[in-house]
Amino acid sequence: MTGMEFLPVLFMVAGIVLVAMVTLFVSSLLRPSNPYPAKNMPYECGMDPAGEAAGGRFRVQFFIIAILFVVFDVETMFLFPWAVVLKEIGLVGYVEMFIFISLLLVGFAYAWLKGALEWEA
């Protein structure tokens, strides 16, 4: 392969960088600049931020639910390609996916029994 074959890719990358830089520059010229203290404060669920994270403002349940969501989202991501090629992979692939789903269900049952899905106010 010669360097000339990569020239269109180089032009595309240069074009993308140029468009991004021009967009950021033009938006910095056109946007209103009116900073004031209330505007620069972080926004959290309609409440004014108070204290540090170590002060107990953030509850662990948010993170546990997020992690469980990611686990089952990844499971769904694996189920679609598996369903597409199910006829080609045969019984072995079917059994392997059944084991995979069973392990995830055991993890879900464990989280449920430990109370990870309980939402106490």
Side-chain angles (χ1 to χ4, degrees):
M1 298 194 113
T2 65
M4 292 301 290
E5 293 176 5
F6 291 105
L7 196 58
V9 175
L10 181 63
F11 283 143
M12 184 65 77
V13 170
I16 290 169
V17 169
L18 181 68
V19 166
M21 293 184 75
V22 166
T23 302
L24 289 173
F25 177 71
V26 170
S27 68
S28 70
L29 292 177
L30 297 177
R31 72 174 181 234
S33 179
N34 186 17
Y36 53 92
K39 185 177 181 181
N40 291 331
M41 286 179 54
Y43 180 78
E44 294 179 18
C45 303
M47 300 185 310
D48 291 334
E52 295 292 322
R57 259 193 67 99
F58 299 107
R59 298 180 51 178
V60 175
Q61 283 86 2
F62 289 112
F63 301 110
I64 291 174
I65 295 296
I67 290 170
L68 287 173
F69 173 76
V70 168
V71 166
F72 289 106
D73 195 37
V74 168
E75 175 191 8
T76 305
M77 186 177 64
F78 283 122
L79 280 177
F80 283 116
W82 170 78
V84 169
V85 296
L86 180 59
K87 288 184 180 178
E88 288 86 21
I89 58 177
L91 184 63
V92 174
Y94 182 77
V95 171
E96 287 176 353
M97 188 52 72
F98 183 75
I99 292 170
F100 175 69
I101 292 173
S102 300
L103 288 174
L104 284 174
L105 286 176
V106 167
F108 178 68
Y110 176 78
W112 193 353
L113 291 174
K114 285 293 188 177
L117 303 175
E118 299 292 326
W119 201 267
E120 300 167 2

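Just so you know, these numbers come straight off a predicted model, no measurement behind them.
For the atom pair CG of L18 and CZ of F11, the computed distance is 13.0 Å after rounding to the nearest 0.5 Å. Rounding to the nearest 0.5 Å gives a distance of 11.0 Å between CG of L24 and CG of L29. Here CD of E75 is found 11.0 Å from CZ of F80. Values are rounded to the nearest 0.5 Å. Atom CG in L91 sits 10.0 Å away from atom CD in E96 (nearest 0.5 Å). For the atom pair CG (L86) and CE (M97), the distance works out to 9.5 Å, reported to the nearest 0.5 Å. The distance from the CG atom of L10 to the CD atom of E5 is 14.0 Å, given to the nearest 0.5 Å.
Clustering ILVMFWY residues whenever any of their side-chain heavy atoms sit less than 4.5 angstrom apart, transitively, puts V106 in a cluster other than the one holding L79. One hydrophobic cluster holds both V84 and I101 under the rule that ILVMFWY side chains link at heavy-atom gaps under 4.5 Å. Note on L113 and L105: separate hydrophobic clusters, where clusters join Ile, Leu, Val, Met, Phe, Trp and Tyr whose side-chain heavy atoms are under 4.5 Å apart, directly or indirectly. Transitive grouping of hydrophobic side chains (ILVMFWY, heavy atoms separated by less than 4.5 Å) brings M77 and V71 into a common cluster. Put simply, L30 and M21 are part of two different groups of oily side chains (I, L, V, M, F, W, Y) that touch within less than 4.5 Å, one to the next.
Note on residues 88-108: pairs passing ring pair (Phe, Tyr, Trp, His ring centres under 6.0 Å), not counting sequence neighbours, are F72-F108, F78-F100, F108-W112.
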